[in-house]
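Chain letters run A, B, ... following the sequence lines, proteins first and then strands; every chain starts at 1.
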Amino acid sequence: MTIDDLLSELNDSQRAAATLASQHAMVIAGAGCGKTKTIVARAAYLISRGVTPQNIQILTFTRRSASEVVHRVRSHLGDAAKGLQASTFHSWCMNVIRMAPEAFSCQGFTVIDREDQMQMFKLARGGIKDKEIPKSKEILDFYSFARNTRQSLGATLQKVAPELETRKQVIAEVMKSYESKKRERRYLDYDDILDVVAQRLANSPETRDWLSNHYEYILVDEMQDTNPLQWSLLEPLSHRSILFCVGDDAQSIYGFRGADFQNVHSFTDRVPNSVVLKLEENYRSTQPILDISNWLLDQSDLGYDKHLRSMRGDGQKPALMQFENEWEEATWISEDLIKRHDSGAEWRDHMILVRTGFAGRTLETSFLARDIPYTFIGGLKLLESAHIRDVLSLMRLVANPTDDLAWARFLTLWPGIGERTASRCVTAIAGLTRIEDCIATLRRETKLAPVIFDAIERVEQAKLQANHAFAKAVESLEPSLEEKYKSQDWDKRKRDFLLVEKLAERHTSILSFIEDYMLDPVYTSEVEGVDSTDRVTLITIHSAKGAESPVCYVVDVSPGSYPSVRSMNDPEEIEEERRVLYVALTRAKDELIITRRNATTWAKWSFPSKNNDDAYFFNSLPSKLVTQGKLGGKRKPPPPPPPSASGPIHVGIQWD
DNA sequence: AGGCGCACTTTTTTT
DNA sequence: AAGTGCGCCT
């Protein structure tokens with residue numbers, strides 16, 4: 001296929017965007033208006049005009065969209081597209097750091113995830129007995145929000161938790177302690193990965209020149225969800241590289257991570273000599289699906305100024321189904337899926353959108369019981385599950401002996417060693433950077449069983465090949481792990497080990513393996529039923545950005561859930577909830593099925609003061625926009641009364 | 001004192 | 001699924 005064929009598939013506005021001359025641009029595009037298509041065409045166009053693929057960096061939100069973009073450009077241009085890079089901000093920065101570890105002073109660092117961070121905050125908070133300071137999870141959220149918005153702690157607290165401003169000093173102490181421990185142990189948290197690069201770009205003209213020389217063009221997808229920290233990566237490069245950003249203010253759903261939906265509007269102020277282009281024709285959905293989505297935005301006081309027009313024309317009205325409770329809802333969805341599959345539909349054409357990972361669990365159970373093949377995106381990630389973390393802890397401490405979170409986890413796997421003993425061992429080896437020194441010290445000063453040292457040494461000998469190291473680690477830990485998980489799906493966990501070993505084949509270094517899968521998650525449910533690729537997608541709305549499906553179920557659109565009871569104090573958060581629902585509704589191509597149920601007892605009970613019904617987005621939903629499903633909540637007939645007593649009962653063994 | 005098993009609660013959203 | 005709290009055992 002030639003570039004002209006590709007361009008002729010676009011409409012005028014898309015083509016104008018894709019073939020824009022060398023100028024910074026912000027493309028504002030509604031849901032389903034061909035954002036990905038335009039980015040693909042832009043990249044292909046640039047390459048066809050002689051730009052070296054290596055000099056184009058595409059930044060997307062998830063690894064799925066990254067690989068999709070590259071795949072599509074390749075399918076149009078073939079080998080000419082070789083070397084084209086698309087990645088998430090995090091994996092991009094990680095690659096940059098790997099290109100020149102010395103320039104960023106990041107040799108031998110271990111990337112840590114949220115759970116590790118929380119563990120550290122827990123330790124940092126531990127010494128303080130004040131009951132009024134927030135939980136470690138909250139402090140972590142404040143910390144990360146402050147860094148992503150590049151605000152001071154004071155400004156952050158004022159914004160997200162004004163009632164805690166008087167506690168600022170204590171909270172600051174906890175954060176300082178976290179930061180110094182993090183440095184000592186050579187950890188990089190998710191925010192560090194971006195910040196390290198951002199700091200160098202800001203302070204080292206040399207680094208800035210070196211990096212901007214790499215990129216003639218930077219293409220950014222989902223611009224509305226980028227935050228100030230991410231902007232501090234783009235801005236310095238924009239002096240030499242040309243930015244091409246695509247986004248939709250109405251789909252901004254990462255405010256909790258510091259994104260501001262206004263940023264697509266302020267683009268021309270922030271970037272001199274830039275243009276704004278708009279894509280307004282929707283090719284994804286039929287008009288009735290867009291009618292309800294448009295209606296939802298119209299209800300907002302914020303003027304989104306969005307009216308999606310379908311190029312596909314009329315279609316089926318969305319269905320709104322009412323249920324008594326979540327089990328009834330899950331059962332109906334499962335049975336509806338089976339009905340569709342029986343009449344010839346493919347599983348893969350169905351997507352179930354949920355607000356929380358937790359909410360997916362009931363559906364998961366229901367699918368498992370009925371043998372409906374599915375993938376759950378946004379659920380538990382393979383490398384985050386307890387048994388894999390156990391094994392990784394041994395690999396981590398070998399790769400970075402100052403990693404005492406790993407030491408603590410590894411040591412407590414052995415019988416007779418609990419938190420206390422482990423922490424004493426960790427103290428004994430504090431500051432030692434060579435694994436041999438750690439082993440020697442522990443042998444001398446503690447009474448750890450020799451098998452423990454054998455385990456470490458065996459992994460040490462295999463550390464130059466990640467999959468071998470993993471296999472050795474599993475081998476040594478298997479007896480302990482079997483004991484620990486024997487009543488908890490041990491067979492399934494055992495299968496996961498083989499899978500992770502396979503994933504590790506592509507990697508030599510342990511640290512690069514861990515980095516990669518930390519930033520590039522594999523979900524636990526992708527692992528099961530590897531045989532079939534025809535599966536239903538169960539997905540959180542936040543993970544569903546950019547995704548689409550012929551048939552979409554949007555689950556639990558009930559009072560108290562949209563907006564969520566937790567957001568009702570803050571008008572900004574309510575608006576974000578509205579956008580979350582908007583994203584969900586606009587994923588559907590042909591059929592949209594919205595389910596809801598009576599407010600959960602949980603919501604009513606834990607937030608009794610809130611009137612869920614007043615804020616509910618569908619309160620004034622015009623009935624002509626949907627087909628009301630028959631009320632699923634038919635009450636069961638009352639059970640028959642128990643029979644009355646009919647004489648004494650004799651129980652016991654039969655005597656002959 | 002420290003380890004460990006058991007019952008109980010508790011879930012926003014992600015890199 | 002994992003965290004917390006409690007009480008028993010070594």
Side-chain angles (χ1 to χ4, degrees), chain A residues 59-63 66 87-94 111-115 117-119 122 135-138 140-141 144-145 147-148 188-195 222 225-227 229-230 252-259 353-362 364-365 377-381 383-389 411-424 483-489 492-493 515-521 523-524 539-545 556 560-567 573 576-577 579-581 583-584 600 602-603 605-606:
Chain A
L59 293 168
T60 59
F61 222 73
T62 61
R63 81 140 199 294
S87 36
T88 61
F89 273 91
H90 286 84
S91 54
W92 173 53
C93 286
M94 209 60 236
V111 173
I112 57 168
D113 66 7
R114 219 185 121 81
E115 194 169 313
Q117 286 191 76
M118 213 150 85
Q119 217 58 45
K122 220 170 266 175
K135 292 243 165 64
S136 43
K137 180 186 171 298
E138 276 179 281
L140 168 55
D141 285 341
S144 186
F145 188 85
R147 298 193 63 194
N148 278 284
L188 280 183
D189 65 29
Y190 284 136
D191 302 329
D192 292 331
I193 295 172
L194 304 194
D195 210 3
E222 312 283 5
D225 282 320
T226 56
N227 58 39
L229 176 56
Q230 290 166 322
S252 170
I253 56 174
Y254 278 82
F256 67 92
R257 212 172 77 180
L353 293 126
V354 291
R355 179 71 179 78
T356 66
F358 171 61
R361 199 146 296 150
T362 318
E364 238 185 324
T365 314
I377 298 170
L380 191 66
K381 289 162 200 129
L383 264 63
E384 286 171 1
S385 53
H387 55 297
I388 303 293
R389 293 185 80 95
L411 290 171
T412 47
L413 292 174
W414 302 91
I417 302 176
E419 226 173 90
R420 207 52 220 221
T421 313
S423 105
R424 262 200 286 272
E483 185 59 25
K484 181 173 171 186
Y485 296 109
K486 62 185 171 199
S487 59
Q488 269 287 286
D489 293 322
K492 181 178 167 293
R493 291 176 196 261
E515 270 160 30
D516 254 39
Y517 285 97
M518 212 88 107
L519 303 174
D520 198 3
Y523 294 95
T524 42
I539 191 167
T540 59
I541 299 171
H542 282 80
S543 304
K545 293 157 67 56
D556 187 27
S561 296
Y562 289 93
S564 153
V565 276
R566 334 179 74 95
S567 314
E573 280 182 49
E576 181 146 313
E577 294 277 303
R579 295 189 294 263
V580 169
L581 182 54
V583 168
T600 57
W602 175 81
W605 182 81
S606 47

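- Distance alone, capped at 3.5 Å, is enough to place a donor-acceptor pair between the A/Tyr254 side chain and the A/His542 backbone.
- Base engagement by A/Arg257 is indicated by at least one non-hydrogen atom pair under 4.0 Å involving a base atom.
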Check nucleotides 8-10 of chain C for protein N or O atoms closer than 3.5 Å to its own N or O atoms and list the pairs.
none

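- With sequence neighbours left out, the side-chain hydrogen bond (donor to acceptor under 3.5 Å, both in side chains) criterion links A/Gln119 to no other residue.
- Taking side-chain N and O atoms only, A/Ser564 has no distance below 4.0 Å to OP1 or OP2 of B/dT13.
- Using a 4.0 Å heavy-atom cutoff across all strands shown, A/Gly357 reaches sugar-phosphate atoms only and no base atom.
- Contact annotation: A/Arg361 side-chain N/O to B/dT11 OP1/OP2 distance is not under 4.0 Å.
- Judged by centroid separation below 5.5 Å and plane tilt below 30°, A/Tyr254 does not stack onto the base of B/dT14.
- Checking C/dT4, B/dT15, B/dT11 against the side-chain heavy atoms of A/Lys122 singles out C/dT4 as nearest.
- Contact between the side-chain N/O atoms of A/Thr62 and the OP1/OP2 oxygens of B/dT15 is not found at any separation under 4.0 Å.
- The nearest whole Å value for the distance from the CD atom in A/Glu138 to the P atom in B/dT11 is 10 Å.
- Counting non-hydrogen atoms under 4.0 angstrom, A/Ile417 reaches the backbone sugars and phosphates but no base.
- Relative to the side chain of A/Glu115, the nucleotides C/dG3, B/dT15, B/dG3 differ in distance, and C/dG3 lies closest.
- Among the heavy atoms of the strands, none lies under 4.0 Å from A/Glu576.
- Distance alone, capped at 3.5 Å, is enough to place a donor-acceptor pair between the A/Asn227 side chain and the A/Gln230 backbone.
- Across all strands shown, A/Ser567 has no heavy atoms under 4.0 Å from either base or sugar-phosphate atoms.
- With hydrogens and angles ignored, a donor-acceptor pair closer than 3.5 Å exists between the side chain of A/Arg355 and the base of B/dT12.
- Listed for the A/Ser385 side chain is no donor-acceptor partner under 3.5 Å among the backbone atoms of A/His387.
- Among A/Thr356, A/Val354, A/Ile377, the one residue that satisfies the side-chain contact (heavy atoms from CB on, under 4.5 Å) test with A/Thr540 is A/Val354.
- Counting any heavy atom pair closer than 4.0 Å across all strands shown, A/Arg389 reaches no nucleic acid atom.
- A sub-4.0 Å separation between OP1 or OP2 of B/dT11 and a side-chain N or O of A/Lys137 is absent.
- Heavy-atom minimum distance, A/Ser144 versus A/Asp191: OG-OD2, 2.8 Å.
- With A/His90 contributing its side chain and A/Ile193 its backbone, the two residues share no donor-acceptor pair below 3.5 Å.
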